[in-house]
Amino acid sequence: QVQLVESGGASVQPGGSLTLSCTGSKSPLDYWTVAWFRQAPGKEREGVACISVSGGTHTYYATSAKGRFTIYGTRGNNTVYLQMDSLTPEDTAVYSCAAGVVCRVTQWVFSPDPADFRSWGQGTRVAVSS
């Protein structure tokens with residue numbers, strides 16, 4: 001198990017950028033895949049991005065995140081990041097990171113089963129508005 005703490009959430013204007021951090025009690029990528037999820041008010045939780053460093057670095061994104069979000073991190077580093085660019089009001093949500101066993105994909109789109117992720121952070125809030 002690993003304890004995860006997110007940070008970096010803030011209020012930003014549309015078109016702005018934000019980088020979220022997910023810091024583990026130990027280097028999460030040494031042992032697990034790491035993903036970012038988000039949940040907007042009144043909506044279901046959505047998997048946003050996932051990274052695995054087994055056999056090389058592999059990253060996967062939800063359709064809503066492709067081309068705008070970047071997940072990155074390395075072995076031996078306690079922090080995994082989510083860089084978010086070109087933010088829109090639809091990106092407003094609580095963002096959580098999680099450590100798990102696999103990045104499930106369907107046609108190269110991140111399509112997670114939350115049951116694959118055993119350790120979760122408490123979340124950090126992102127609000128995009130003018």
Side-chain angles (χ1 to χ4, degrees):
Q1 293 287 340
V2 61
Q3 283 71 49
L4 301 172
V5 178
E6 302 92 339
S7 61
S11 296
V12 297
Q13 292 188 339
S17 297
L18 206 57
T19 299
L20 306 182
S21 300
C22 170
T23 301
S25 54
K26 51 188 173 182
S27 174
L29 289 175
D30 285 2
Y31 306 97
W32 301 280
T33 62
V34 175
W36 283 93
F37 293 78
R38 68 184 182 185
Q39 188 163 21
K43 294 188 177 181
E44 292 187 357
R45 183 168 53 193
E46 175 190 19
V48 174
C50 192
I51 182 170
S52 169
V53 297
S54 175
T57 299
H58 305 281
T59 57
Y60 307 96
Y61 297 93
T63 301
S64 60
K66 275 187 177 181
R68 300 189 303 127
F69 292 6
T70 304
I71 186 172
Y72 61 98
T74 59
R75 288 185 189 275
N77 190 318
N78 284 26
T79 303
V80 175
Y81 301 92
L82 182 69
Q83 179 179 336
M84 305 186 294
D85 299 317
S86 303
L87 287 164
T88 73
E90 288 68 39
D91 296 314
T92 295
V94 175
Y95 285 72
S96 301
C97 64
V101 297
V102 65
C103 297
R104 292 185 188 271
V105 295
T106 301
Q107 296 184 338
W108 301 106
V109 174
F110 181 43
S111 305
D113 180 348
D116 289 333
F117 294 86
R118 285 95 185 261
S119 298
W120 293 78
Q122 83 290 347
T124 187
R125 190 174 303 274
V126 173
V128 184
S129 70
S130 54

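- Grouping the Ile, Leu, Val, Met, Phe, Trp and Tyr side chains by contacts below 4.5 angstrom, directly or via other members, places Val12 with Leu82.
- Taking a 6.0 Å sphere around CZ of Arg75, one finds it holds more than 12 heavy atoms contributed by other residues, nucleotides or ligands.
- In this structure, Met84 and Arg68 have side chains that are not in contact, with every pair of non-hydrogen atoms separated by 4.5 Å or more.
- For the residue pair Gly47 and Ala62, the shortest heavy atom distance occurs at O-CB, 3.2 Å.
- You'll find the side chain of Cys103 reaches within 4.5 Å of the side chain of Thr33, heavy atoms only.
- Ser96 and Gly123 get closest at one heavy-atom pair: OG-CA, 3.5 Å.
- Minimum heavy-atom separation, Arg118 to Gln1: O-OE1, 3.8 Å.
- Taking 4.5 Å as the limit, some side-chain heavy atom of Val80 sits within range of a side-chain heavy atom of Pro28.
- No donor-acceptor pair closer than 3.5 Å links the side chain of Asp116 to the backbone N or O of Val101.
- Under a hydrophobic-cluster definition in which Ile, Leu, Val, Met, Phe, Trp and Tyr are linked whenever side-chain heavy atoms come within less than 4.5 Å, directly or via other members, Phe110 and Leu29 are assigned to different clusters.
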- Evaluate the side chain to side chain donor-acceptor pair (under 3.5 Å) criterion for residues Glu6 and Thr124: first the C-alpha distance (whole Å), next the side-chain angles of each, then the deciding distance (0.1 Å), finally the verdict. CA-CA 6 Å; Glu6 302 92 339; Thr124 187; over 6 Å; no

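- Cluster membership for Val48 and Val5, using ILVMFWY side-chain heavy atoms within less than 4.5 angstrom, is not shared.
- The nearest pair of heavy atoms linking Val128 to Asp91 is CG2-CB, 4.3 Å.
- Checked by atom type, the side-chain pair Glu46/Ser64 shows a donor-acceptor distance below 3.5 Å.
- Side-chain polar atoms of Thr79 and Thr23 form a donor-acceptor pair below 3.5 angstrom.
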- So Arg125 and Tyr95, side chain to side chain contact (heavy atoms under 4.5 Å, CB included) or not? Walk me through it. CA-CA 6 Å; Arg125 190 174 303 274; Tyr95 285 72; over 6 Å; no

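- Cation-pi geometry between Arg45 and Trp36 is not met: the NZ or CZ atom fails to fall both under 6.0 Å from the ring centre and inside 45° of the normal.
- When side chains are defined from C-beta on, Ser7 counts as touching Ser21, because their heavy atoms get closer than 4.5 Å.
- Cluster membership for Tyr60 and Phe69, using ILVMFWY side-chain heavy atoms within less than 4.5 angstrom, is not shared.
- Residues Leu20 and Val126 are in side-chain contact: their nearest non-hydrogen atoms beyond the backbone lie under 4.5 Å apart.
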- Mind running ring pair (Phe, Tyr, Trp, His ring centres under 6.0 Å) on Tyr72 and Tyr81 for me, showing each step along the way? CA-CA 5 Å; Tyr72 61 98; Tyr81 301 92; 5.0 Å; yes

- Item | Test side chain to side chain donor-acceptor pair (under 3.5 Å) applied to Ser27 and Asn77, step by step | CA-CA 5 Å; Ser27 174; Asn77 190 318; over 6 Å; no

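- Residues Ile71 and Leu87 share a hydrophobic cluster, clusters being chains of Ile/Leu/Val/Met/Phe/Trp/Tyr side chains in contact below 4.5 Å.
- Side-chain contact annotation: Thr19 with Gln83, donor-acceptor N/O pair under 3.5 Å absent.
- The two residues Cys22 and Leu4 have their closest heavy-atom pair at SG-CD2, 4.0 Å.
- Atom CD of Glu44 and atom CZ of Arg38 lie 13.5 Å apart (nearest 0.5 Å).
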- Residue pair Trp120, Phe37: steps toward the side chain to side chain contact (heavy atoms under 4.5 Å, CB included) verdict: CA-CA 10 Å; Trp120 293 78; Phe37 293 78; 3.5 Å; yes

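- The shortest non-hydrogen separation linking Ser86 to Ser17 is N-OG, 4.4 Å.
- No close placement of the Trp32 and Phe117 rings is indicated, their centers lying 6.0 Å or farther apart.
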